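Report on the structure given below.
Values below: all heavy atoms of this structure, side chains included; hydrogens, waters and symmetry mates excluded. Throughout, numbering of the chain's residues begins at 1 and tracks the sequence. Predicted, not measured: the structure shown is a model, and the values here were computed from it. Indexing begins at 1, ligand by ligand and atom by atom, following the structure's order.
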Amino acid sequence: MKHMKNFQDVSVHVPSQMWNEFSKSMLKCRRVNEEVIGFLFCRRHQVSKRKVRYIPQTWVIPTPDCYEHQSASGLVLKQHFHSYLLENHLQPGLDVVHIHTHTGQGIPGFSHVDDRYESEYARFIASSFPKKPRLISGVFDENLQSGQFRIWDRKGREFERVNFCNSLFEVSDTQNIMNNVDFMFARQQIFGSANQKALNQLKVGLIGCGGIGSIFAELLGRLGVKNWVLIDPDKLEAVNLNRMVGATQEMVEQNWHKVHYVKHLIKKIYHEGSCVKTVPTTIESESAKQEIAACDLIVVATDNHLSRKTAQELALQYMRPLVCLGTHIEVKPNNTPQMYCRVTVPPLGGGWCLMCGNIINLQRAALELAPQQINQMAVGAGYLEGVNDPAVFWLNSICASTGVGVIHGMVSGFLNVDSGIDWIYDFPGSDWRKTNTEYLLTDDCYFCGMKSVESVVENSDFETSDSVIW
Ligand SMILES: [Zn+2]
Ligand SMILES: [Zn+2]
């Protein structure tokens with residue numbers, strides 16, 4: 001048994017809410033002094049050349065009657081149940097993450113028995129299914145508080161260490177030790193240097209670099225975010241100049257893309273050490289989608305429903321947290337303007353989303369997808385919000401700063417977004433309304449419908465030969 005050279009940075013990222021349900025369910029299926037098993041079926045996502053992330057699609061916890069044998073010394077699953085499990089949940093393209101517990105506390109080690117059976121199992125699944133799934137195994141203490149993971153090669157000969165993340169963001173502790181340059185953040189030390197480091201490492205994908213997106217980037221950049229992917233097909237126009245920090249008439253005359261203008265803002269904050277990728281297309285383009293999928297956080301600040309829908313789909317597919325920002329101004333019949341801004345963070349991994357929560361309108365998204373002529377007809381008929389949408393700097397700023405505050409809270413942990421948030425500010429009422437997210441929960445949404453699976457109960461007639469042993 002050899003350790004493979006660590007060529008790649010591999011991680012399993014389970015959203016905290018899913019991990020809570022998963023581990024609760026696992027503990028429920030454990031009897032006193034017994035070990036217990038859980039499965040996550042994961043999709044592999046090559047985030048960058050060196051970084052691979054496994055994203056759970058479903059999870060299954062065998063109930064006690066699925067075991068042939070369950071004790072402190074080992075676990076044996078019924079063969080019938082095990083075949084059922086793999087046939088039903090190991091969809092082509094998914095890999096198996098197997099987690100089991102050892103009695104006691106603290107980070108347990110893999111035992112010789114684990115080595116032997118995991119090696120056999122890695123070979124078994126790789127040779128039994130057409131897409132040659134890989135095995136990632138995890139071992140935890142009896143309370144599922146601490147554990148470690150490893151990924152096996154398909155021959156069951158070697159394995160390498162895998163990182164585990166069950167928080168919103170995956171941030172490594174190895175790089176960027178605070179130095180003098182970070183004097184810039186001295187007045188933020190109260191939030192802790194670990195949080196500052198997390199902000200410095202966070203990679204944010206911003207879809208929409210207009211009136212809200214640009215202020216947002218300026219504010220989050222000043223808070224410490226240096227790594228950006230900027231997506232927007234539009235160029236700066238004179239009508240934008242009422243609400244974009246530092247934008248000039250010259251930039252308009254020189255035909256600047258909005259993404260380059262926002263990059264310019266970030267580069268003014270950081271003379272060195274920042275990394276800004278600009279993609280001057282819509283989010284619907286394949287290259288934009290790939291860049292966004294590799295971010296730690298997705299922020300959408302566009303004025304159309306289609307891009308918000310796409311952002312939500314990407315967030316669900318790659319299990320990235322999503323922050324959605326928008327403002328709206330209307331004039332009441334008595335000629336008083338009514339202004340709103342909205343900050344929405346759907347829960348990571350489903351429960352409700354922008355679509356089933358009716359935060360965006362699918363009909364509008366479909367219209368926006370339609371060819372140009374149809375769009376123009378729709379605009380004529382008043383179906384689409386156009387460039388004449390009213391917008392003011394100060395309202396956009398309330399929205400952008402609140403969005404930045406929410407992200408600060410997500411990174412630092414002082415704001416819990418596990419069940420999602422949807423806040424709407426109303427002016428001049430000057431009132432934040434918070435949607436009760438329990439009302440937004442949906443079971444059967446086409447986009448975010450729960451993909452996790454409760455414990456499976458074994459049905460009668462099973463074969464007892466050839467059990468799988470752990
Ligand atoms: Zn074990
Ligand atoms: Zn949904």
ask   = With the Zn ion (ligand 1) as the point of reference, which N/O/S atom of His100 is the closest?
value = NE2
message = Just to verify, what does Arg43 make a side chain to side chain donor-acceptor pair (under 3.5 Å) with, not counting sequence neighbours?
response = none
For Phe140, all residues meeting ring pair (Phe, Tyr, Trp, His ring centres under 6.0 Å), sequence neighbours excluded = Trp19, Phe149, Phe164
query = Is Lys289 paired with Glu284 through a side-chain N to carboxylate O contact shorter than 4.0 Å?
reply = no
inquiry  = Working note: Thr327 + Ile212, criterion side chain to side chain contact (heavy atoms under 4.5 Å, CB included); need CA distance, chi angles, decisive distance, verdict.
reply    = CA-CA 8 Å; Thr327 57; Ile212 299 171; 3.9 Å; yes
request  = Count, excluding waters, the protein N, O or S atoms that are closer to the Zn ion (ligand 2) than 2.8 Å.
outcome  = 4
remark   = In short, salt bridge (charged side-chain N to carboxylate O under 4.0 Å, His left out) pairs touching residues 304-322 with sequence neighbours left out are Lys309-Glu313
query = With the Zn ion (ligand 1) as the point of reference, which N/O/S atom of His102 is the closest?
reply = NE2
query = Can a donor-acceptor pair be found between the side chains of Gln338 and Asp426 at a distance below 3.5 Å?
reply = yes
query = Measuring to the Zn ion (ligand 1), does Asp114 have an N/O/S atom at a distance below 2.8 Å?
reply = yes
request  = Indicate whether the side chain of Thr435 and that of Asp422 have a donor and an acceptor atom separated by less than 3.5 Å.
outcome  = yes
